Amino acid sequence: MLPGGSARWKVQLFETIGDELDEDGCPKKETAELWMRDPVECVRELIGNPLFRENMCYAPKRVFADSEGNVRIYDNMWTANWWWDTQLSLPVGATIAPVILASDKTTLSRMSGDKSAWPVYLTIGNIDKGTRRKPSMHATVLLGYLPVSKLECFSEKRRSLEVYRLFHKCMHALLEPLIAAGTHGIDMVCSDGFVRRVYPILAAYVADHPEQCLIAGCQENFCPKCQIDPKKRREPGYYHLRDPTQTVSILDCAAQGDRSPEFARLGLRPIDPFWKHLPHCNIFLAITPDILHQLHKGIFKDHLVSWATKSVEGGKEEFDRRFKAMPKQSGLRHFKNGISKVSQWTGTEHKNMERVFMGVVAGAGEGDVTWTVRAVLDFVHYAHFEKHTDLSLNNLHSSWLGYHRYKLVFRRLGVRRHFNFPKGHSTEHYEPSIRALGTADGYSTEHPERLHIDLAKDAYRASNKQETYLQQMTLWLERQEALYRFSSFLLWSAPCRAAQDRTSREDHPADVENSDSSEDERLGEPALKDLYPRGYRVAKVPSFPLLTVSDFIRRFGLPSDFIYLLSSAVATLAKSASSTHQLPIIHNRTRLGAYKQMKIPLPVVPQITQEQTIDIIHASPSRPGRFGSTIPSYMSTVLVHDSGSRSGSSRFANQPRHPLHGLRVARVRAIFNLPVECNPIALGVRDPLVYVEWFTRFHSVDEATGMYIISHSTRNQRRQSAIIPITDIVRTVHLMPYAGRRVDRTWTSSTVLDRCTKFFVNPYLRHDDFVLFRYQIDRIA
């Protein structure tokens, strides 16, 4: 039998006596089950896990972006202020284990049934947030299952209050071991082998708005963090956070029948809060931003999209046509039927809509509508930064002020009467929360929702789905953790054996080639310089290996002067290589190979991620589809190194440090190899070539959207084109059509790049595009 951990499961029963009477005239009763584990033992297992040794921190740090120490960096929790402030209140030599909790109710039944679970998850801020976010690392553990009781023994009038009280009773029982441990500390063996006096202290609580109010003990129309009057949330303001000591005093007086005016002013519920005796815990500061529900689903989808739709001529129909006309892009969802007919929205749909919404709104309505949309989208993208500085936080704050400055246009247009809603006010707390606890990506509610799959839904499927399903779930989870613990021990204790196994597999490539795994899965996380030695990757064998030039021109829809351009490119290559090889004549029957796509690794952007992402560039011609249909061509637009953009013709010619210096937008029309007759080796050509059509250089910026405006580059009424090395391509870039007040109804996603004459360069395609086209440019403006 595999050994289990020290944090074992146990159950505690809570009996509630309601105000409803049964058939015998006696008060109805309900028994609630709380399944829980010791949080101190959970912290002990996490802080002592040797697999986290390289991703663990035991003391606060101050990190600066400049050598003078004027610009501070906020990243993990140990770089923020809360840890520093709390450290000063503890004995010298104390080690804080910042406890991060997350809870979220979820449905277990599928198709039918009403089975639910209310998991509470625990992790610690000592572990790097990138590691915490990966479910496979098991850096977040299941602490307990709160009872999901309907409390039908109470009347409907009291039921809501009793849910509050039961929640706090259960959370108090769940976290009670933290009181002594957080007060006096406890010796723990850490992942580096040293024994430290650890103080586990509740530092952050991740939850959505209704659960935040449940935790704070306030009504849902009040802010769970600050003391603002619910009727005054329409305008920006600065209000003090709720004070835990004051709140407990007011609640104690209310429990004795003395409800002060402050009780009603703060919107409190008569409860006994679970955080009452937790040492060094400010529960109101611990409530973290919720990007998913407050920004993506809240301000953006539930409010801004609706306001903007009502403020333009044509409303939903016009917006649907604009969404359908957006060019396709790798990794971007295309709303082929618009957005009005989407019946079920998820966080992914909200994010994909945000990525093109600026292009949808631009030009369709009043200028202040566009300014408001820009402010909200900028705020969302700045809030997503994984590494903030004082400068980026200032930009976040400016975006917040910009939203409040321009939002009045919707009231002027009769779209909105007021802006007094909780999620709109929640944005006020983002900047202070990031400075206190670190960047918001470390506290996303998307993470516990992902954990529901492994720690709730899969466990429920392993049960018999009867009344004792929670007991069976905890037993199944214990066994799964034992298996994981044993496999982790083997990995930790025998790293040399694991390395030998990898070497053995590499020495027998036949075994690798016969495996079912993809290349990336086989290699694990290899260095990108091994996967991309030339900075790009294409298929080993071209998708069209032996096309004649005439077939190549016809299939890819290239102009008739392609042969002249290719001959000129070959001559230029021969001249630069000082080749004495006689150049062949390229004609219609010359054969070459063409590719459908290529991949390039994007540089790591510290504000966004520490992991390298792969960009896919498409050059796929149209082809026959099913039932006589035709699948349209898919040609990516890209950012390219261009020598002309470094000359005096470029807006940034005299700004060599500008992020767009030397770059230009082009549309890829074909990726191909030099014909074999040209002897590429003699010409020094090791890489494929790319036929591109140019867009104009970065000259014009739209004031309201802040986006660059470009158009097709032409000469003698023909689009300018060129053949460039594949290594000149930097990344994909998304272009959004400038539609004006009414979109051209003939535009489709496959034709708009040919029919439209003016485009916006999209800064919201990916978060690293936002850094390039917005944040870095704003810094030097």
Side-chain angles (χ1 to χ4, degrees), residues 291-292 294-306 308-309 319-340 342 345-364 369-370 372-386 399 403 441 444 446 602 605 607-609 613-618 634 636-639 665 702 704-710 731-739 743 747 749 752-753 756 759-775 777:
I291 293 178
L292 176 62
Q294 293 172 347
L295 299 186
H296 295 311
K297 294 184 178 180
I299 291 181
F300 176 74
K301 175 58 177 66
D302 294 342
H303 297 284
L304 185 67
V305 173
S306 174
T309 303
F319 267 30
D320 282 345
R321 286 192 288 268
R322 288 171 178 257
F323 273 105
K324 287 189 281 188
M326 280 293 162
K328 293 182 179 180
Q329 176 73 26
S330 179
L332 172 67
R333 172 176 174 176
H334 176 242
F335 295 92
K336 62 180 181 181
N337 297 318
I339 62 171
S340 63
V342 178
W345 288 94
T346 65
T348 301
E349 275 81 28
H350 298 145
K351 295 172 188 176
N352 277 280
M353 202 194 318
E354 289 169 359
R355 294 161 75 177
V356 298
F357 195 65
M358 189 78 261
V360 170
V361 173
V369 173
T370 305
T372 308
V373 172
R374 173 184 174 180
V376 171
L377 291 177
D378 284 359
F379 187 92
V380 171
H381 283 73
Y382 278 120
H384 264 283
F385 273 21
E386 295 186 7
S399 301
Y403 159 70
D441 64 292
S444 172
E446 293 182 67
L602 297 180
V605 180
Q607 293 90 347
I608 303 304
T609 180
T613 55
I614 305 303
D615 204 0
I616 303 177
I617 292 94
H618 293 272
Y634 186 6
S636 296
T637 47
V638 294
L639 211 55
V665 176
D702 182 70
T705 64
M707 296 188 293
Y708 285 96
I709 300 177
I710 61 175
R731 67 194 307 150
T732 57
V733 67
H734 188 235
L735 302 184
M736 300 185 292
Y738 182 88
V743 69
W747 290 353
S749 63
V752 66
L753 287 175
C756 183
F759 302 89
F760 292 111
V761 180
N762 188 357
Y764 304 109
L765 174 64
R766 296 164 297 220
H767 290 290
D768 46 357
D769 289 272
F770 180 79
V771 173
L772 174 64
F773 289 106
R774 183 76 88 225
Y775 175 59
I777 291 175

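Count residues from 1 along the sequence. Keep in mind that what you see is a predicted model, and the values were worked out from it rather than measured.
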(Q) Tell me if a side-chain donor or acceptor on Asp320 pairs with a main-chain N or O of Ser340 at a distance below 3.5 Å. (A) yes
Q) How about Arg774 and Asp769: do any of their side-chain heavy atoms sit closer than 4.5 Å? A) no
(Q) For Val761, is there any backbone N or O sitting under 3.5 Å from a side-chain donor or acceptor partner on His734? (A) no
Q. To the nearest 0.5 Å, how far apart are NE2 in His350 and CG in Asp302?
A. 7.0 Å
(Q) Counting only heavy atoms from other residues, nucleotides and ligands, does the tally under 6.0 Å from NZ of Lys328 exceed 12? (A) no
Q: Carefully, step by step, assess His296 and His384 under the rule side chain to side chain contact (heavy atoms under 4.5 Å, CB included).
A: CA-CA 11 Å; His296 295 311; His384 264 283; 2.8 Å; yes
Q. Leu639 versus Phe773: any side-chain heavy-atom pair under 4.5 Å?
A. yes
Q) How far apart are the C-alpha atoms of Met358 and Asn762, what are their side-chain angles, what is the distance that settles it, and do they pass the side chain to side chain contact (heavy atoms under 4.5 Å, CB included) test? A) CA-CA 8 Å; Met358 189 78 261; Asn762 188 357; 5.8 Å; no
Q: Measure the CD-CG distance between Glu446 and Leu292 for me, rounded to the nearest 0.5 Å.
A: 5.0 Å
Q. In terms of ring plane angle, is the pair Trp345 and Phe335 parallel, tilted or perpendicular, where the classes change at 30° and 60°?
A. tilted
Q: Measure the NZ-NZ distance between Lys336 and Lys324 for me, rounded to the nearest 0.5 Å.
A: 11.5 Å
Q. Are Thr732 and Arg766 linked by a side-chain donor-acceptor pair shorter than 3.5 Å?
A. yes
(Q) So which atom in Thr705 and which in Ala362 form the shortest heavy-atom distance, rounded to 0.1 Å? (A) CG2-CB, 3.8 Å
**Q.** pair Met326-Pro737: side-chain heavy atoms closer than 4.5 Å
**A.** yes
Q) Could you state the interatomic distance from OG1 (Thr346) to NZ (Lys301), rounded to the nearest 0.5 Å? A) 11.0 Å
Q | From CG (Leu602) to OG1 (Thr613), nearest 0.5 Å | A | 4.0 Å
Q.
Measuring from atom OG1 of Thr609 to atom CG of Asp768, what distance do you get when rounded to the nearest 0.5 angstrom?
A. 9.0 Å
Q) Looking at side-chain heavy atoms only, is the closest gap between Arg322 and Val356 below 4.5 Å? A) no
Q. Can you name the nearest heavy-atom pair linking Thr370 to Gly363, along with the distance?
A. OG1-N, 4.4 Å
Q. For Gln329 and Tyr634, which heavy atoms make the closest approach, and how far apart are they?
A. C-OH, 3.0 Å
Q: Of all the heavy-atom pairs spanning Pro327 and Leu332, show the shortest one and how long it is.
A: O-CD2, 4.5 Å
Q | Test side chain to side chain contact (heavy atoms under 4.5 Å, CB included) applied to Phe379 and Phe300, step by step | A | CA-CA 11 Å; Phe379 187 92; Phe300 176 74; over 6 Å; no
**Q.** Any donor-acceptor N/O pair, Asn352 side chain to Arg333 backbone, under 3.5 Å
**A.** yes
Q.
Would you say the ring centers of Tyr764 and His381 fall short of 6.0 Å from each other?
A. yes
**Q.** Matching residue for Tyr738 among Tyr708, Phe759, Phe760 - test: ring-ring contact (aromatic ring centres under 6.0 Å, His included)
**A.** Phe760
Q.
Show the nearest heavy-atom pair for residues Met353 and Val305, with the distance to one decimal.
A. SD-CG2, 3.8 Å
Q.
Quick one, His618 with Ser330, criterion side chain to side chain contact (heavy atoms under 4.5 Å, CB included). Give me CA distance, side-chain angles, the key distance, then yes/no.
A. CA-CA 8 Å; His618 293 272; Ser330 179; 3.8 Å; yes
Q.
Show the nearest heavy-atom pair for residues Ala308 and Phe319, with the distance to one decimal.
A. O-CZ, 3.8 Å
Q. Between Phe385 and Tyr382, is the gap from one ring center to the other below 6.0 Å?
A. yes
